[in-house]
Each structure stands twice: as structure tokens, then as C-alpha cells.
There are 2 protein chains.
Amino acid sequence: MVTLAEVAQHAGVSASTVSYVLSGKRSISTTTRQRVEQSIRELGYHPNAGARALASSRSNIIALMIPLRTDIYVPVMMEIAIAVATTARTHGYDVLLLTGEEGSDAVRRVTGSGLADAMILMDVELDDERLPLLRSTDQPSVLIGLPADTSGLTCVDLDFGATGALCVEHLATLGHRDIAVIGEAPAVYERHTGFAERTLDGLRRRARELGLRLLHRPCEGGYDAMAVTLARILDERPGTTGFVVQNESAVEPLLALLRQQGRAVPEDVSVVAICPDQVAVQASVRLTSVAIPAQEMGRHAVERLVAKLEGHGGDEVVLIAPELTVRASTGPVPVAS
Amino acid sequence: MVTLAEVAQHAGVSASTVSYVLSGKRSISTTTRQRVEQSIRELGYHPNAGARALASSRSNIIALMIPLRTDIYVPVMMEIAIAVATTARTHGYDVLLLTGEEGSDAVRRVTGSGLADAMILMDVELDDERLPLLRSTDQPSVLIGLPADTSGLTCVDLDFGATGALCVEHLATLGHRDIAVIGEAPAVYERHTGFAERTLDGLRRRARELGLRLLHRPCEGGYDAMAVTLARILDERPGTTGFVVQNESAVEPLLALLRQQGRAVPEDVSVVAICPDQVAVQASVRLTSVAIPAQEMGRHAVERLVAKLEGHGGDEVVLIAPELTVRASTGPVPVAS
DNA sequence: ATAGGTTGTCGAAGCGCTTCGACAGCGAGT
DNA sequence: ACTCGCTGTCGAAGCGCTTCGACAACCTAT
């Protein structure tokens, strides 16, 4: 293993000079810098992470806490995680993967040991148990998702309220008056996951403002659950012509069931999905949808965090504006014959 | 921040004693141990990760390199990653997330800096560019997936050859003679991903042995691609009654298209999938399938790695035996009328 | 009673790096 | 000619921990 001292000796300078070449914290003459850089290359030197962390009390590691659950659409999580890792690298940070399993203990452990300089939390609940800890520690953190009380916290999320409103508006514009919302699994609402509730709020508020009727039903993924849910909806509101779906694993079942019942999409009924673009274009009908900007969320989170680590940028809630893409699953409400 | 020295002072012992209490590397009297543990608790002490890594040259971190691609089924990756993280924690390790983006450079960086003690690589290609490096370094590593030449490497994977054979056998037992294989996207074969080719080998060999006709067609996910692929298959081999699918995003399209053409599953044609159980049970027909044991793979990988780190256990290829679960998508070949 | 072996604890060295204060050398201002 | 202020470099201290050898205290076997 090559050390700083060896590089210094090889280049004929002192260890501190090499350190300053590496960090750029003091000015170094061009000739010296080049000589040192040459030695580094020749010897294949890599600074030792532990020593660095010890001496500088900075690990250059960001901890990312991901949920263990699988009832939320996994590819979105993965895309966020990858975006976080990629963006972090461009800022010189590595990413430590923590699972939600350990909960607050993981926060304590990481903070206490100086393993990471900062952390990003995903799958934040409205009243998350980790929040008090985050507020009390001086380690920077960013949440992906919104808790009920965001004071003293930095958060990044899609504006799910606006997303709900946007879906309703689109359907309203096309003349739909009776709208059904196929939501996430009941468990998601029971644990008060912010995004699900905020979407619902947005949907309801805008529906009220526009004078539409809205029926919300949580739904597990899969065909059987969807069949039951759809039957109930059509029983209760036979005149339903617009659907908003916020549950990726219910999308395809819904389309299949509608087809099976002889309701054509988009001629008879319209469907708007809240899902990643990939799901929208791969579905059996290309879906009009509001995309979940996973990459953007991951990127934003890291950038907020890096800003905090560098001292500028305080607490702030970043809500990403939703964008609705019209595809082949929505159309004007059919003329009553 | 609380240090070892402060704990030592508080407990009235020397620093080294506290260290030995923590590591258990020397025997400590019960009374002393308890006193020290008490002090640790009272002061809320957490050992500093950097200092530890520097002094012991062990970071207690495992690096996990995941692919950036999205043409391979993402939930499987995620499940493996989570299993790795969870299992690692039970052995006292944390997980550093690397993306495939950096390739060999990441391996060099992590190895050189001592950031991690060992690494796990996913999405290994048959002739992976990172292999020479892994062979030449003395840092332990485990691959999830199999390259062409496994000498000097430790690998964990599902036995895809046996998986292919199992699928063919099952269909053969039911009387099917003409089998079509819907494979992964062409790009997956072009980059020589081991698991895809090994599955194909297994399918072909067993089909030959049993005297079945086998037609393999790669296929992108989604409805449009599947429609084209299916049309070609039925054109070329109209008598096809058995399908093997190894592409999660082609499963649902295939079922829909078969239904649409009036071919009932499993009455007219049988479908065997190679996919995670969740996909198999959530499909519109509950699928007979060979599961991809993502968790088990992640767990095994960590356990091999920990064994190597502790000195026992050398290079070895662990192939997990496939298990076929019969569900509702396969049945006896229809009697010719 | 004595040699030999255990057990439990301590002190000190050192892991590889960062960072602070010191200072030599040099050009500019008076 | 002398001082002032740069710029570029160095030496040394120290970050918090692990680990090795030393050794006191005790126990056991002769």
C-alpha cells in the first residue's frame, strides 16, 4: 500500500505539500504540483479513506436510507437510489446504503460514528419516528417525501397535491363528471404515507372546485383485488367515466378488466395514471399520465445536501411541479346516445 | 463527541481496556466489563469509524456494485440489494452502493483507498472487464452471476441451466412437443449476459434430449414488441403449445395477446415463466414459474464474503437449485380434435 | 515453599492523513 | 537599503482507535 509519505519522498517534497496538492487548500507552484501529480500516477497512490476521515472529520459519505417495503413501487425507489449514487459521485461523495429496518438506531449509529457526513431518508411517514433525531442532530439531512411538520427540515418531493389537481383538471376538461380514484394498497394509507394522502387531497379539492363527483378506493395490486374494487365502484357509481390510478400494479389489471367488460379505453372511459413514464408507455394502452420524476428527486436531494455540507443553503421544501403527458388512454366523454 | 479516552476515564480504566471490552479480543473481568459498558451507555459513546478503520485497517464496509441498466428486471436487483444490506448488518458490516457507471475505476478506488473491505458485483457479463482486477487484488469479492471463466473467483447464482431444463421437462411431461422461448431483450444477449445464455443452453440441451422442438426469440418488453414476436413465432411454428418466458415485462403482454387470439391458458397453450414469485402470482393468470431467489442470492453472497474475510472459505461457485412451482398457467396438451 | 502458567490490565507506539503556525525567499513600495 | 506583504513550502501535532509487549496478581502443581 502506497502512502502519502511515500509520494512525498518520491516527489522530493514534504507530506503536507502533497496533501495541499490533493486538497487545493493552499496555493502550490505549478512545477511542484506537476511533480507531485506525476509521482502519484507513477506510484498508483490512493489516499486512505479512514485516515482522511479521522484527520478531517469528514468521511465524504452520504447515507441513504431506503425502505424495506415492497408494497410501494420498487423501480421508483431503485431509480432514486441510482440517481442519488450517481449524483453523489459527481460531488465526490460515496453512498452508504441503509435499510429502514434499523430505524432511528441507524440514524444514531451513523451520526455517532461519523460513518457518514449526511443522510437522505426515503419513504418518510407523516409522523416519522426519525424526525426528532434529525432535528436535534447537527448532521445535515434531506428527506425524500414530506412529513406533516416540515419545520427545521429539508425535503424534496413531487408536488402530489398539484398532481392530483392536474389529473382531475384534465378529466374535467374532457367533460368527465364522475371520477373514480384507484389508490394505493390500504396499508399505505393506514401508515399515513404523505404522498398518498396529499394526492388525495389535491384530487378532492379540485374535484370540489370544479363540481365533479369523486370516489376513492384503495386497492391492492393484482387482478383479483382489482376485480373486486372495480365491481364495487361501478356498482356504486355506474356513471363513472374517468379513472385516476395511483398504484402501478393495479394499472394493467384495470385495463384488462375494463376491456373484458366491453368498456373501451379511451372511447368509453378515460384512465389517467400517476406512475413512472416507463410503465405508462409499456401498458397495453399507452397511458395519459403524470410522471414520477424519480431521477430528478434523487438529484435534487443530493444537491441540497451538498449545499448544506458546504455551508450555504438552509432548510427548504422543494416541490417538483407535476407534468401531465397526454397519451392514448384519455378522450372526451362519450355522447349519451 | 465522546471518545474512547473519555469512556476510559469515566470508568476508571485505561483506553486499551475499553477497546478490549468492545472487541472482545482479550479477556476482561466481569466487573470491569460491566463498569465500562455502563460508562458507554451513560455517555452515549459511539466508536469513530474513521479512527477504527485507520488503526485496524478494516472498514467493516462491503461495497455493492449494482448495474445502471433498466432493461433487466429492476425489482430483482432491488431485492438482492436489500438482502445484501440486511444480511451484511447482521454480520456487523455496512454496505456502500456503487453504480456500474464507474466500472473498473470504482473497483480500483475502493480497493486502493480501503473504503471497503470487500465487494459484491452484480450484473456480471461473461467476459467482464472488472475480472482481471478482481483476480489480481487480494481484496475478497463475490460475483452475483457467472462469468465465462470462474477460476479464482467466488460466484453465487441461480442455476439457470437447470432452470431451463426444468421448464422444458415440465412442459414435456404434460405432452407438449413444440415449445417457444420468449427471451430477454436482444441487447441482453448481445452483451453476453451469462444468465440468459445459460438458460438457453439448458432449454436447448434438455429439449434435444427429450426430442422436443424449441424456438427461441429474444423480445423487448411491452405489447407492441410482444405482438410482433408472437406473430412470427406462430407463423413459423403454428403447432406451438408451450411457452417459456424469461422477460418479466413480456409476461402480461403475452397473456393478453394469447387471450385476444382465442388461445386459452392453460387449456390450449401452457406458459412457464422464469420470474420472481410476486410477478407470477400477480399476473392475470397465476403462472407456473421458476422463481428467481433474489433474497437467497444476496444472503449467500454476503455469507461467502464474510467467510472469506474471516479467513475460512475459498473460491467457490454456489449454484442455487431452481424450484418450479405449478400454478394455473400450465396443463396437458389439448387432444387433437 | 517455589517454579510455571493464567488472567486481567496498562502504557506506548503508530495507523495515514490534515492543518496550523512558522518561515524562507522574493518583488514592490518608500 | 529597508521594511512589508506575498507566495510556496515545511515540520510537528494530533485526529481516535487498535494492538503488542510487559507485568502484577493470583492459582496450581510439584
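Keep in mind that the numbers below use all heavy atoms, side chains included, and drop hydrogens, waters and symmetry copies. Below, chains carry the letters A, B, ... as their sequence lines are ordered, and counting in each starts from 1. Since the model is a prediction, treat every value here as computed from it, not as a measurement.
- By the 4.5 Å heavy-atom criterion applied to side chains, B:Leu4 and B:Ser19 are counted as neighbours.
- Across all strands shown, A:Ser16 has heavy atoms under 4.0 Å from base atoms, whether or not it also approaches the sugar-phosphate.
- With contacts defined as side-chain heavy-atom distances shorter than 4.5 Å, the pair A:Leu97/A:Ile66 qualifies.
- A donor-acceptor contact closer than 3.5 angstrom links the side chains of A:Thr32 and A:Ser29.
- In this structure, B:Thr137 and B:Arg108 have side chains that are not in contact, with every pair of non-hydrogen atoms separated by 4.5 Å or more.
- Here chain B contacts DNA chain D (any atom closer than 4.0 Å to a heavy atom, that is under 4.0 Å), and the contacts span D:dG16 to D:dA22 from 5' to 3'.
- No donor-acceptor pair under 3.5 Å is formed between the side chain of A:Lys308 and the backbone N or O of A:Gly314.
- Annotation: of the two residues near DNA chain C, A:Leu4 and A:Tyr20, the 5′-most nearest-nucleotide partner is A:Leu4.
- In this model, a donor atom of one side chain and an acceptor atom of the other lie less than 3.5 Å apart for A:Ser14 and A:Thr17.
- Remark: B:Leu54, B:Ala55 in residues 54-62 of chain B come within less than 4.0 Å of DNA chain C through at least one heavy atom.
- For the pair A:His192 and A:Glu125, the minimum side-chain heavy-atom distance is 4.5 Å or more.
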Practice prompt. Could you check A:Thr111 against A:Gln139 for side-chain hydrogen bond (donor to acceptor under 3.5 Å, both in side chains), going step by step and ending with a plain yes or no?
Written response: CA-CA 7 Å; A:Thr111 310; A:Gln139 187 175 54; 3.0 Å; yes
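- B:Gln38 and B:Arg35 are not linked by any side-chain donor-acceptor pair at a separation below 3.5 angstrom, with hydrogens and angles left out of the test.
- Contacts between residues 25-37 of chain A and DNA chain C, defined by a heavy-atom separation below 4.0 Å, involve A:Lys25, A:Arg26, listed by number.
- No option in A:Leu134, A:Leu153, A:Leu64 other than A:Leu134 meets the side-chain contact (heavy atoms from CB on, under 4.5 Å) test with A:Leu121.
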